[in-house]
Amino acid sequence: YDLGGKFDKSFNEAAYNGAEEWKKETGGSFLDLELQNDAQREQALRRFAGQGANPIVMAGFSWTAALTTVAAEFPDTNFVVIDTVVDAPNVQSIVFDEHTGSFLVGALAALKSETGTVAFVGGMDVPLIHKFYCGYAQGAKAVNPDVKLIESYTGTTPAAWNDPVTAGELTKAAIDGGADVVFAAAGGSGLGVLQAAKDAGKFSIGVDSNQNYLQPGSVLTSMLKRVDVAVKTALTEAADDATFKPGLTVLGLGEEGVGYALDDNNASLITDDMKAKVDELSAEIQAGTLTVHDYTTDSTCPL
Amino acid sequence: MDISSVLSILDATIRLSTPLLLACLAGLYSERAGLFDIGLEGKMLAAAFAAGAVAAITGSAWLGLLAGLAVSLSTALLQGVAAITLKGNQLIAGVAINMLAAGMTTFLGQTWFSQGGRTPPLPEGGRFEPITLPFANELASVPVLGPIYADLISGHYILVYIAFIMVGVTAYVLYRTRFGLRMRAVGENPKAVDTAGISVVKLRYQAVIITGLLAGLAGAYFSIAQGSGFGNNMTAGKGYIALAALIFAKWKPVPAMFTCLLFGFLDALQIRLQGAQLGGIEIPVQAIQALPYLLTVILLAGFIGKAVGPKAGGVPYTKER
Amino acid sequence: MNTQRPETAAATVPANGWAIELEKINKRFGAVHANKDIDLKVARGTIHGIVGENGAGKSTLMSILYGFYTADSGVIRVNGQEHAITDSRHALALGIGMVHQHFMLVENFSVLENVILGAEDSGFIKPSLDRARKELNRLEHEYDLEVDPDAIIEDISVGQQQRVEILKALYRGAETLILDEPTGVLTPKEADDLFRVLETLREQGKTVILITHKLREIMAITDNVSVMRQGEMVATVKTSETSPEQLAELMVGRRVLLRVDKTPANPGATLLEVQNLVVADDMGHVRVKDVSFSIRAGEIVGIAGVSGNGQSELLESVSGMRDQKSGNVLLKGTALSLKGDDGAARAREAGLAHVPEDRQRMGLVTTFAEWENAILGYQGNAKYGAGPFLDISAAKKAAAEHIKLFDVRPANINLKSSLFSGGNQQKIVLAREMEQDPDVLVIGQPTRGVDIGAIEFIHNEIIKMRDEGKAILLVSVELDEIRSLADRILVMFDGVIVGEADPATATEGELGLMMAGIGKDAPRGLGIAEQGPLP
Amino acid sequence: MSARRPIPRWADIALLPAINLLLAFLVSGLVVLLVGENPFHAIQVIIYGAFGYGEGLGYTLYYATNFIFTGLAVAVAAQAGLFNIGGDGQAYVAGLGAVVVALALDQTHWLIAMPLAVIAAGAVGGFWAFVPGWLQAKRGSHVVITTIMFNFIAAALMVYMVNRVLKPASTMAPESETIEVAGRVPQLRQFFSFFGYSPVNLSIVIAVLALIGVYILVWHTKFGYAMRVLGANPTASRYAGISNSKMIMITMTISGALAGMVAINEVMGVQNRLVLDFVAGAGFVGIAVALMGRNHPIGILLAALLFGALYQGGQELQFVIPGITREMIVVIQALVILFTGAMEGLFRPSLERAFMLFSPEQKADAIAVSTAKSES
Ligand SMILES: Nc1ncnc2c1ncn2[C@@H]1O[C@H](COP(=O)(O)OP(=O)(O)OP(=O)(O)O)[C@@H](O)[C@H]1O
Ligand SMILES: Nc1ncnc2c1ncn2[C@@H]1O[C@H](COP(=O)(O)OP(=O)(O)OP(=O)(O)O)[C@@H](O)[C@H]1O
Ligand SMILES: [Mg+2]
Ligand SMILES: [Mg+2]
């Protein structure tokens, strides 16, 4: 897990849930570990590999350097890394098309908005979060070219991922600024966004896991990033060299790696028209007729 | 800027400065009594957790508050035993309390709720609701003053009002009561207090108890008023900022209120300025995020001058026998 | 003991009974046996003096009586009743009040607040303050103790601070008042005022215990006097039946010369010249107003004045610690550059040594070992290390030498400086400054709180320096000291030199008038009110 | 009450801390027991993990390296009476200096890159502390506030620098380019395979030199003397001709430069690139280390080793006993600080009494005192 901690209600927790599910289905067992600091990454990998763990699944973009080193030392162990790319024969890199998923929720947000203003609250101003924002913004613009966007970030220290109070204030500020839908891509801080939107009677959008249930009736939808599925599949496939797929795996809309969440909690919030429009966009993206720019390819976001 | 956005910034200012103010006043008591307190952060965090946990289980904000106060108080007393009775280093005691709180809250939270140290979101009633002051709705339509009363003054959590009332209470206690007189004296010259036949130790414990209670209010504010449930490390360094505010305010209650309002305002401003443009160029969001801290430094250097704290601060009182 | 022990006075029960009886009091601090089997009886309605060398155990004994320390063994009787005094509250309840050698005041509190601290009537201080104001008014009139009840302690002179301490004790209804070296920091006039108060107290039947190093005071005001030496009570005598010489001998165990022996000055070239100096204090108030004077080699110039008239700022400015607003300080004809906060270093380089008024606050780092203080101010000197390094053995050698030359006790260079008695701390500072062979020596209050044996020694050292051809600027509030040491006396009042006097001819009365601003060329009527009523 | 005899020196510096450490572990044991694990096993694991094998020891030393730097930074400032809470921020920005030099010179040799990076990191870290020092000296702004503020400013600055300036446009992770091997500080395992894969590197040599350097600076130079005078009594230091304002600025700069060495260890020795938040709170641990080490290099060395051991031992504990989470390790660390630091006086009175009874001459004394007491 990344430094945010195992139970962050979104990214890391999804990975954990995936592993748990795999354990339930297959009866296998897994070792897991939370880190205190960066230096422990290599140590942890070596330790697990040394203990014969196979495969080893890592979640988080910070694993690149450690994995590059350790993968070479343990050629017989299969590694799966999520959110970054490590080029080695025994590593499967899984990345998600967060930008397309975000595009869809952006479109939903703009469709839902009555004020024509939608907002985004990120954890820290890092590339991955920008990728979310950039997709979100493009999606919103796609359905409403005049949409106004408010972009903000909770902080600059690791506390940014665990600061629901500031996130809540940012949400209130955005709502005061006219926004009526707020997308939270801020790890644990996101809970503050959902709460503040609920308190103000506005809408929020969850991230990574399905967070619709957290504030039913207020969470418009959640941008799904199926880390749980990825972890589960990886654990299943990579356990066996025969099915292990080294190299890059991109999970996008087509693979259902990303998407938006629709369940009982938000069924009443999303009209059939909205759903139809978004599904149409989704189809276009998958067909390649609509391209969504990926911020991380060149660190720019053309809007 | 129109009046409503000004009001909304000021409204946020009040929300953001409340926990700082409570923590700052908390620190004021122990520091005025001659005990450095960098353990504010830890006490708040412990209280935030206890309040959040109990409120989540019982569904009562009041029980949560009670738990927060109790836990913060015990933490303060632990710190007091180390710093007063055992004459330990006050800074180390504070550092230890901060770490202990950071570790314990997450650990217990995980053990009890299995949500990564978080408490579950609070049920109805588990969280303080904003209080609408009398006539707020009726007066809201009066121009200028109406919105100021209805939006800015009315509609906050009870802890907000307590915090601001505590400013007056603290000023009164400090300057008008026997306890305040003795407490100020013990922070300046404990020997003088001792030779006047007053127990230094008892006085310092009394101050520590008040500190614990106020820090408890501050902590509870995080988890059961402003927030809805406890999150890991949710005090996010506010204890240190409160300490800075205390020094900034030269250990005086009314200036402490203004300092905390200023810090809250800068934070609110930062939050609203994100994404602002300057001459067509977007200012990096980090520059805006750093703004409150930069401005604090500039204000401090430009206007505040030297802050001289209670003279006996940080030194355990030893009486040779 | 080489002197015969005089008949112990007042052994029979006095008319008014004993106010205090101490029997076989013992107190140890680690290895130091500060009080050994001390017996002391104080008759009610008398003023009882206690004298003794620095470190003899006087303060310790009184602290035990006041409940601040607890005796290891012994009996305390107050008004004939035995009491185990456990803390100060207890002592206060028994009617014992104490004015400590180092005042126990809260510096940023007002006089009133200090007076009521610990003696408040109720939970709210307003009624107490009001009552205290009235009571203070009454006491002030009764004892002629004038202080502004609303003044902040750090803003008033030490003399006034002491009045506050006495008022504090009286406010609490003290029947027995202990004063530990009350006159160490007072001007002669302030001391006289104090003694008038003590006499009034005696007339009212109250008991006073007075610790002092000044035998003149003992002779003038006490009824009985006890002498302590090295933790023991060596004698208690009726004052009327003893003499200063006998007391001095009892204290020190040898004969002491009670006056300074010196030859007439033989001044040479001008070494220190102060031209039109204007200096402000920390608050920005101008405290030294256009002061000029010069000192020649082989000459001691004394500056007399009531404390708080700019002497401190003058000293600090001349020695480089404080910027002057205008004017010059010339050393051997060259102007010192004293700007910046390291002016003192340049003054020293130019050959000016400085013994500060306040040894604990300035002259010493009390948490340092003695040897570390032996180089304070001279740490940059090449003889204490080449380049950036500190030559510890050289410093220790110098320290050992200082200790030997100035007979500092205990002779332990590794002892923490705070553990030396005041007199010995003073010797440490003097030794350091004098042994640098400076051209000019600036000394403030050289014998404050120092016992007579040490005073004799210090005075002799100062004369010796003069005779070696140094220029010496001496600032002291002790008129006796100035008159016996100085070759010329300048009197300072309200930041101005108001007159010059010849110590051989000027009387104490004349000097006193000048010090109050009523001298020959003094600006009349200025700032007198602040200094209290005229004699 | 009797005359208190101080306990023998050896007991003061060895026995007392040992008892306190034991107590800390005992209480921690209760916490371990709470989650249903065997506390003795846990302690065994911690000790084994920290010292029991080469790699573990290497990790312990690697953590200790950071703590020595930040501990010294706090201690040097404290000697001059300044409380530098800003070690975290100073170390963080120093990463800029280290990474810029390392990236520029990573085609040469570490013998060239390392000294220059040390200077650069020291300069940047020093600057970050100099400014608060300057504000304190010239404007009277309390360093405690300014250094706290500078920590936050540093965090904002670094997020900007890493993401917008140093990060290659094509990568996803918020980190600088990787430093080539020639620009890295060699790890000790390259010389001693004993250290396994642990990241301890030659920075530890700098740490040892810094310990010695600070010792000499503080106790054997005129500058150090002046610093201590200032710390103990600012009025006396003016009297002694020491420029308090210059001392404050220089001391803060030295303090910041020392904290900045963390960047050498992390950026050039371990991560080989600049990552966000690489300091990971080492600056705050430094406060505890300096306080526990009594601001003395030897004390700091021991305290840094203790904290290094707790970090590494705690990590080991997580591997071996899965029920133990990282928060528990924090709790254990906090308890150690509490009992060995803040509550170190807990056993002093009983120890004093014990020694009193066991030494014959003092025993006589004690009896004399108690009889005297009962008489009165
Ligand atoms: N708090 C203490 N701890 C240890 N030793 C002490 C303490 N106070 C006093 N002493 C020792 O007791 C001795 C007597 O000290 P005391 O203060 O009574 O002397 P004194 O007669 O008042 O001297 P002075 O004339 O300097 O005031 C000193 O020499 C000192 O060694
Ligand atoms: N903590 C201590 N430990 C040991 N000795 C002490 C301690 N505190 C004070 N003393 C000793 O007590 C004696 C008197 O202490 P005190 O503070 O009264 O000195 P002082 O007032 O500076 O001396 P003086 O009366 O000459 O000005 C000194 O001899 C000093 O060495
Ligand atoms: Mg004394
Ligand atoms: Mg004394």
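Because only heavy atoms are used, hydrogens play no part in the values below, and waters and symmetry mates are left out as well, while side chains stay in. Keep in mind that what you see is a predicted model, and the values were worked out from it rather than measured. Below, chain A is the first sequence line, B the second, and so on; all start at residue 1.
- Nearest heavy-atom pair across B:E188 and C:V106 is CB-CG1, 3.6 Å.
- Only the backbone of B:Y175 comes within less than 4.5 Å of a heavy atom in chain C; its side chain stays farther off.
- Heavy-atom distances place the backbone of C:S122, and not its side chain, under 4.5 Å from chain B.
- Looking at C:L117, the atoms closer than 4.5 Å to chain B (heavy atoms on both sides) sit in the backbone and in the side chain alike.
- The distance from atom OG1 of B:T195 to atom CG of C:D87, rounded to the nearest 0.5 Å, is 11.5 Å.
- By the neighbour-count criterion of 12 heavy atoms within 6.0 Å, atom OH of B:Y205 is densely surrounded, having more than that number from other residues, nucleotides or ligands.
- How far CG of C:N108 is from NZ of B:K311: 5.0 Å, rounded to the nearest 0.5 Å.
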* Asked: Given C:H100 and B:K191, is the side-chain contact (heavy atoms from CB on, under 4.5 Å) satisfied, shown in steps?
  -> CA-CA 11 Å; C:H100 293 261; B:K191 222 169 163 183; over 6 Å; no
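- Residue-environment remark: CD (C:E154) exceeds the threshold of 12 foreign heavy atoms within 6.0 Å.
- Among the candidates B:D194, B:N189, B:T177, the residue making the largest number of heavy-atom pairs closer than 4.5 Å to chain C is B:T177.
- Within a 6.0 Å sphere centred on CZ of B:R176, other residues, nucleotides and ligands contribute 12 heavy atoms or fewer.
- Using a 4.5 Å cut-off between heavy atoms, C:F109 contacts chain B through its side chain alone, with no backbone atom that close.
- Inter-residue side-chain proximity for C:F124 and B:F179 is flagged as unmet; no heavy-atom pair is nearer than 4.5 Å.
- Applying the salt bridge (Lys or Arg N to Asp or Glu O under 4.0 Å) criterion to C:K206, with sequence neighbours excluded, gives C:E175.
- The shortest non-hydrogen separation linking B:A192 to C:M104 is CB-O, 3.3 Å.
- Within the 4.5 Å cutoff, side-chain heavy atoms of B:L181 are placed close to those of C:E120.
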